[in-house]
Amino acid sequence: MTNFPIIDGHNDTLLRLYEENEDKNSFFSKGANGHIDLPRARNNQFGGGFFAAFTPNANYEIAPEKYVTSTGYDMPLPPQIDQQTALNHTMQLASMLVELEATSNGIFQTVTNTQKLAFCLENQILAAIFHIEGAEAIDTDFSALQVLYQAGLRSLGIVWSRPNAYGEGVPFRYPSSPDIGGGLTEAGKDLVHACNQLGIMIDTTHLNEKGFWDVVQQSDAPIVATHSNVHAICPISRNLTDKQLQAIKKSNGVVGINYAVNMLREDGQFDTNIPLDTIVQHIAYIAENFGIDHVALGSDFDGTTVPDSLKDVTGLPKLMKRLQAHGFTDKDLEKVAYKNWIRVLGATWKD
Ligand SMILES: [Zn+2]
């Protein structure tokens, strides 16, 4: 069987709803907007996932395709943003998450422990894990971290592809190694320890390679990348090298495979005309070389351009069938769909 509920590593649906000035109720009606709404999610095995609060730079377009080089593209890192701006914006998105839950009649709930996550999956309740992508909103005294934890924060990406007080992200560069720039700052190392102590999952997605190795050294939790792919297949700066994948395996961590076409395709291009098997290829590479326990899904829905063959959340049942056709057993599919995420969260969260 292939119809296991899916826990998804990353979506930007909160930001989409916020930026489109959409009536938040549009999340509850089956519409054509975006990759995810609640009815389409529930009808297509999307059991829940990490709902990101991301603060974009003002007047800055994320468009690597506009920075073409002779071999690919190289988009410079956007400038830093200040803590107050990021915190204000994070509050807007966090309050949207609260409002969505409050108006959902119980079928959309924020979860902060694995018991509730499992309960939601069993009972067709869409489960949201509150995630912040890029730690700009967190002051270096960690006051905001403490308060946001109490407000349900359970996952934090140290950087987006932009420097901050804690570390440096990778620019969107193809082809390129992820080894660009310096490692975590002292505050970044302290942030890792503070997250370990509270039981907030640390996400290494978007981090450069030196920062990644600093997390590996400092963290006592499984190493996670919520939405990154295989560098050996698609050599973009955002993807993970075999050495990084080995470190994730060693820590008993997991990678959520991203559906961004330019992170899937060998040629790194933005062409959406690719088969679902390109996603399968990345999943199979990790499963075959590092083990089925270390790969899951991390769509980047509502934050990226996905293959036409997938389209949006309604493509998930087809993807699961392609994985089955590739030779994944029921037990394998169950791990990729949700069990690997539950294992890692269970080893990371404290409540
Ligand atoms: Zn991202």
Side-chain angles (χ1 to χ4, degrees), residues 9-10 12 14-15 50-57 77-98 110-114 116 128-170 181-208 210-227 251 253 344-351:
H10 188 87
D12 283 302
L14 295 174
L15 183 62
F50 294 76
F51 280 66
F54 168 64
T55 305
N57 289 77
L77 289 172
Q80 299 205 24
I81 50 171
D82 66 278
Q83 194 238 332
Q84 203 54 54
T85 303
L87 185 59
N88 288 346
H89 186 81
T90 300
M91 284 299 147
Q92 300 289 321
L93 298 188
S95 78
M96 179 168 296
L97 185 61
V98 169
T110 301
V111 301
T112 56
N113 60 63
T114 51
K116 186 167 174 192
I129 298 160
F130 176 23
H131 169 79
I132 295 180
E133 179 169 34
E136 282 89 349
I138 310 293
D139 56 277
T140 51
D141 292 330
F142 303 144
S143 313
L145 189 73
Q146 303 284 347
V147 173
L148 285 162
Y149 175 82
Q150 293 300 332
L153 181 71
R154 289 296 180 275
S155 174
L156 176 66
I158 297 179
V159 294
W160 180 70
S161 287
R162 164 179 74 196
N164 65 25
Y166 303 106
E168 292 176 42
V170 282
L184 296 187
T185 62
E186 284 311 307
K189 291 175 187 169
D190 292 343
L191 179 63
V192 171
H193 302 147
C195 286
N196 281 166
Q197 219 158 30
L198 285 166
I200 294 174
M201 192 188 85
I202 297 155
D203 183 9
T204 65
T205 301
H206 289 276
L207 200 54
N208 64 8
K210 287 197 174 69
F212 176 91
W213 292 116
D214 282 340
V215 175
V216 171
Q217 199 175 42
Q218 300 293 328
S219 179
D220 62 18
I223 304 300
V224 170
T226 59
H227 57 298
S251 75
V344 166
L345 292 171
T348 306
W349 290 349
K350 305 276 189 199
D351 57 358

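Atom CD of residue Glu168 and atom CD of residue Gln80 lie 9.0 Å apart, to the nearest 0.5 angstrom. Taking OH of Tyr149 as the reference point, atom CZ of Arg154 lies at 3.5 Å (rounded to 0.5 Å). A distance of 4.5 Å separates CD1 in Ile132 from CG in Leu148, rounded to the nearest 0.5 Å. One finds the OG1 atom of Thr348 at 7.0 Å from the CE atom of Met201 (value rounded to the nearest 0.5 Å). Atom SG of Cys195 sits about 7.5 Å away from atom CD1 of Ile138, to the nearest 0.5 Å. Atoms CG and CD, on Asp139 and Gln84 in that order, are 9.5 Å from each other to the nearest 0.5 Å.
Remark: side-chain polar atoms of Asn113 are not paired, donor with acceptor, to backbone N or O of Trp349 under 3.5 angstrom. The closest donor-acceptor contact from the side chain of Asn164 to the backbone of Ile158 lies under 3.5 Å. A donor-acceptor pair is defined here as one N or O able to donate and one able to accept, closer than 3.5 Å; such a pair exists between the side chain of Thr185 and the backbone of Ala165. Checked by atom type and distance alone, the side chain of Thr204 pairs as donor or acceptor with a backbone atom of Val224 at under 3.5 Å.
Under the side chain to side chain contact (heavy atoms under 4.5 Å, CB included) rule, Pro56 has a single partner from Asp12, Ile81, Leu15, which is Leu15.
Residues Ala86 and Ala137 come closest through the heavy atom pair CB-N, 3.6 Å. The heavy-atom pair separating Gly9 from Thr226 by the smallest distance is O-CB, 3.3 Å. Across Arg162 and Pro79, no two heavy atoms sit closer than the pair CD-O, 3.3 Å. Residues Leu77 and Gly169 share a closest heavy-atom pair of CD2-O, 3.9 Å. Between Ala52 and His10, the closest heavy-atom pair is CB-CE1, 3.4 Å. Nearest heavy-atom pair across Ala347 and Pro222 is CB-CG, 3.9 Å.
Between His131 and Phe50, the ring planes lie perpendicular to each other; the angle is over 60°, past the 30° to 60° tilted range.
Side chains of Glu133 and His227: a donor on one and an acceptor on the other come within 3.5 Å. Using modelled atom types, one finds a donor on one side chain and an acceptor on the other under 3.5 Å when comparing Thr205 with Asp203.
Residues His89 and Thr85 are not in side-chain contact: their nearest non-hydrogen atoms beyond the backbone lie 4.5 Å or more apart. With a 4.5 Å cut-off on side-chain heavy atoms, Phe142 and Leu191 count as touching. Tyr166 has its side chain within reach of Thr140: a pair of non-hydrogen atoms, C-beta onward, lies under 4.5 Å apart. Side-chain atoms of Ile202 and Asn196, non-hydrogen and from C-beta on, do get closer than 4.5 Å to each other. Proximity of Val192 to Asp214: side-chain heavy atoms (C-beta onward) are nowhere separated by under 4.5 Å. The closest side-chain heavy-atom distance from Leu153 to Leu198 is not below 4.5 Å. Between Phe51 and Leu93 there is no side-chain heavy-atom pair separated by less than 4.5 Å. Side-chain contact between Phe130 and Leu14 is absent, with no heavy atoms from C-beta onward closer than 4.5 Å.
More than 12 non-hydrogen atoms from other residues, nucleotides or ligands lie less than 6.0 angstrom from CD of Gln92.
A salt bridge does not link Asp351 to Lys116: none of the charged side-chain nitrogens sits closer than 4.0 Å to a carboxylate oxygen.
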